[in-house]
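Source: prediction; values computed, not measured.
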Amino acid sequence: MGAERDITLIGGGLAGALLAILLARRGWSVDVFERRGDPRIDGYAGGRSINLALAERGLHALRQAGADEAVLQQAVMMRGRYVHPLHGTPGLQRYGRDDSEVIYSISRGELNIVLLDIAESHGARLHFDHALEQVDFVDHVATFRHHTDSVTRAFRALVGADGAGSTLRTEMAKVQPLGERTEWLDHGYKELEIPPAADGGFRIEPNALHIWPRGHYMCIALPNDERTFTVTLFMPHAGSYPSFAQVQTGEQAQALFARDFPDTLPLIPRLQHDFEANPVGTLATLYLDHWHLGGQAVLLGDAAHAMVPFHGQGMNCAFEDCVALAEHLTVTASLAEAFTAFEAERKPNAEAIQQMALENYIEMRDKVDDADFLLQRQLELLLQARHPGRFVPHYTMVTFMRVPYAVALHRSDVQRKLLANATCGLHSLDSVDWDTLDAAIVTQLPPL
């Protein structure tokens, strides 16, 4: 794009900071406008945040930005799900085959600060306390609120990395309808904390994502490098007990945990205080028919496709967006063509992971301690070894590979049916019809 390599990013969170690095490293002139203060000075003010799970897609993007080593220094490795049934023995269900297939728990604030530092080191100009107010797409002028002042900035093109409540998306929709629709989940969440042990270490197994599945509700706990765990209780907003409509006080929460999560009570000494102090978070999926406005503006990450957090892929998907957009901007003749190609590539994949994230909530809260599910998981691992490159577990495709999400969704649907049919009515794998199953896999699953 010659000398016109100038772009303005709205939002200095994770996606905005990463995209700033990728473009600045390619020689672009990059301005980033962020409504909050500089977290490196003011402290991170991001509000509530379920811990982030960093997987291969996100790691690949960080490698492109030269940020992976700095980020992993502050991350905690997680080998799998450590399942705590109400009755029975807790145990680890590995995500992959060994420690080469793991994910990492990372603090949003710490990750954001690392990326901002690197973006600035590559020449990106960061403007904090600049909240976008309105956009004039005729004269290419954006208006920001900077403390008590209103300031205007000319722009060539805008990229919206300003999250699910994107102001840029609102301004774009005034010019051209984007087909926006939001589907709210009827479940919400509340955050609690497991502090370090008396000796300063972790109170429970640190290298795992802990899950207490209870049917239509659950608790999870993710480790932090401060030796704490962020605990998140997911429940319906209303309906049959328990729900947030019925569990509103710390005392009521204490009673719920004593009944359904008794092993957590010694771990969360401030349960009642945290429950009353922290608000109930909401969960939703955002769909758009259009992500861009010609060559003037484009959306990515949560601003384009916010999703529920149950596959741990929201950040990873947004980081993939950044890599894809930077590549299209590098190789395409015009902004309009780059934005069009970016949307065509990413939109089907975003919709696929949005669907898989919703499905994974049901798996996490209801299936991880189910006998049929566990039998199918055993068979899945055997088939992975029996048909390498052809039968690839769902979680492996999504988390440890960069197979397009849409491809992973399609293959997972095929594999789920094969597993269900092969184990129907069985209590062990001794009676599996291997000949029929092997033939079906060869026929229905071409090598990746």
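- Judged purely by atom type and a 3.5 angstrom limit, Arg35 has no side-chain atom pairing as donor or acceptor with the backbone of Gly12.
- In this structure, Thr152 contributes its side chain and Val141 its backbone to no donor-acceptor pair below 3.5 Å.
- In this structure, a donor-acceptor pair under 3.5 Å is absent between the side chains of Tyr287 and Gln354.
- Although no hydrogens or angles enter the test, the distance criterion places a donor-acceptor pair under 3.5 Å between the side chain of Arg57 and the main chain of Val403.
- Side chain to side chain, His210 and Glu205 fail the donor-acceptor criterion of an N or O pair below 3.5 Å.
- Shown here is Arg145, whose CZ atom has more than 12 heavy atoms of other residues, nucleotides or ligands within 6.0 Å.
- A perpendicular orientation is assigned to the rings of His130 and His127, their planes being inclined by more than 60° (bins at 30° and 60°).
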>> Assess the residue pair Leu325 and Leu23 against the criterion (side chain to side chain contact (heavy atoms under 4.5 Å, CB included)); give the C-alpha distance rounded to whole Å, side-chain angles, the decisive distance to 0.1 Å, and a yes or no.
In response: CA-CA 9 Å; Leu325 181 57; Leu23 292 178; over 6 Å; no

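- Although no hydrogens or angles enter the test, the distance criterion places no donor-acceptor pair under 3.5 Å between the side chain of Thr228 and the main chain of Asn224.
- Checked against a 6.0 Å centroid threshold, the rings of His292 and Phe342 do not count as neighbours.
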>> Leu22 vs Trp28, test: side chain to side chain contact (heavy atoms under 4.5 Å, CB included). Steps then yes/no.
In response: CA-CA 9 Å; Leu22 297 173; Trp28 283 72; over 6 Å; no

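- Taking 4.0 Å as the cut-off between side-chain N and carboxylate O, Glu320 and Arg346 count as a salt-bridged pair.
- For the side-chain contact (heavy atoms from CB on, under 4.5 Å) with Glu133, the lone residue among Thr143, Val151, Thr167 that qualifies is Thr143.
- Side-chain atoms of Asn316 do not come within 3.5 Å of backbone N or O of Ala61 as any donor-acceptor pair.
- Pairing each heavy atom of Val76 with each of Pro206, the nearest pair is CG1-O, 3.7 Å.
- Between Glu343 and Lys347 no salt bridge is recorded (no basic side-chain N to carboxylate O distance below 4.0 Å).
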>> Applying side chain to side chain donor-acceptor pair (under 3.5 Å) to Gln355 and Glu359, what does each step give before you reach the verdict?
In response: CA-CA 6 Å; Gln355 178 180 332; Glu359 292 172 351; 3.1 Å; yes

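- Side-chain N or O atoms of Asn207 include none that pairs as donor or acceptor with a backbone N or O of Arg79 at under 3.5 Å.
- In this structure, Ala420 and Gln376 approach most closely via the heavy-atom pair CA-NE2, 3.8 Å.
- Met172 and Leu293 get closest at one heavy-atom pair: CE-N, 3.9 Å.
- With Glu380 contributing its side chain and Phe391 its backbone, the two residues share no donor-acceptor pair below 3.5 Å.
- Other residues, nucleotides and ligands place more than 12 heavy atoms under 6.0 Å from the CZ atom of Arg63.
- Pro309 pairs with exactly one of Asn360, Leu52, Leu283 by the side-chain contact (heavy atoms from CB on, under 4.5 Å) rule, that one being Leu283.
- In this structure, Asp162 contributes its side chain and Leu168 its backbone to a donor-acceptor pair below 3.5 Å.
- For Arg270 and His273, the side-chain atoms include at least one donor-acceptor pair closer than 3.5 Å.
- Shown here is Arg26, whose CZ atom has more than 12 heavy atoms of other residues, nucleotides or ligands within 6.0 Å.
- Applying ring-ring contact (aromatic ring centres under 6.0 Å, His included) to His187 and the options Tyr361, Tyr217, Phe234 leaves one that passes, Tyr361.
- By the 6.0 Å contact criterion, NE2 on His410 is open, its count of non-hydrogen atoms from other residues, nucleotides or ligands being 12 or less.
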>> Go through it in stages, so that I can follow the logic: the residues are Leu9 and Ile7, the test is side chain to side chain contact (heavy atoms under 4.5 Å, CB included), and I'd like the CA-CA distance, side-chain angles, deciding distance and then a yes or no.
In response: CA-CA 7 Å; Leu9 312 186; Ile7 202 154; 4.1 Å; yes

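- Between Arg181 and Asp289 a salt bridge is recorded (basic side-chain N to carboxylate O distance below 4.0 Å).
- No donor-acceptor distance shorter than 3.5 angstrom exists from the side chain of Asp31 to the backbone of Thr8, with no hydrogens or angles considered.
- When each of Phe128, Phe144, Phe155 is tested with Phe33 by the rule ring-ring contact (aromatic ring centres under 6.0 Å, His included), just one qualifies, namely Phe144.
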>> Using the rule given for side chain to side chain contact (heavy atoms under 4.5 Å, CB included), can you reason through Phe339 versus Trp291, listing the C-alpha separation, both sets of side-chain angles and the distance that settles it, and then say yes or no?
In response: CA-CA 8 Å; Phe339 293 168; Trp291 289 10; over 6 Å; no

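- The backbone N or O of Glu191 lies less than 3.5 Å from a partner atom in the side chain of Asn278, making a donor-acceptor pair.
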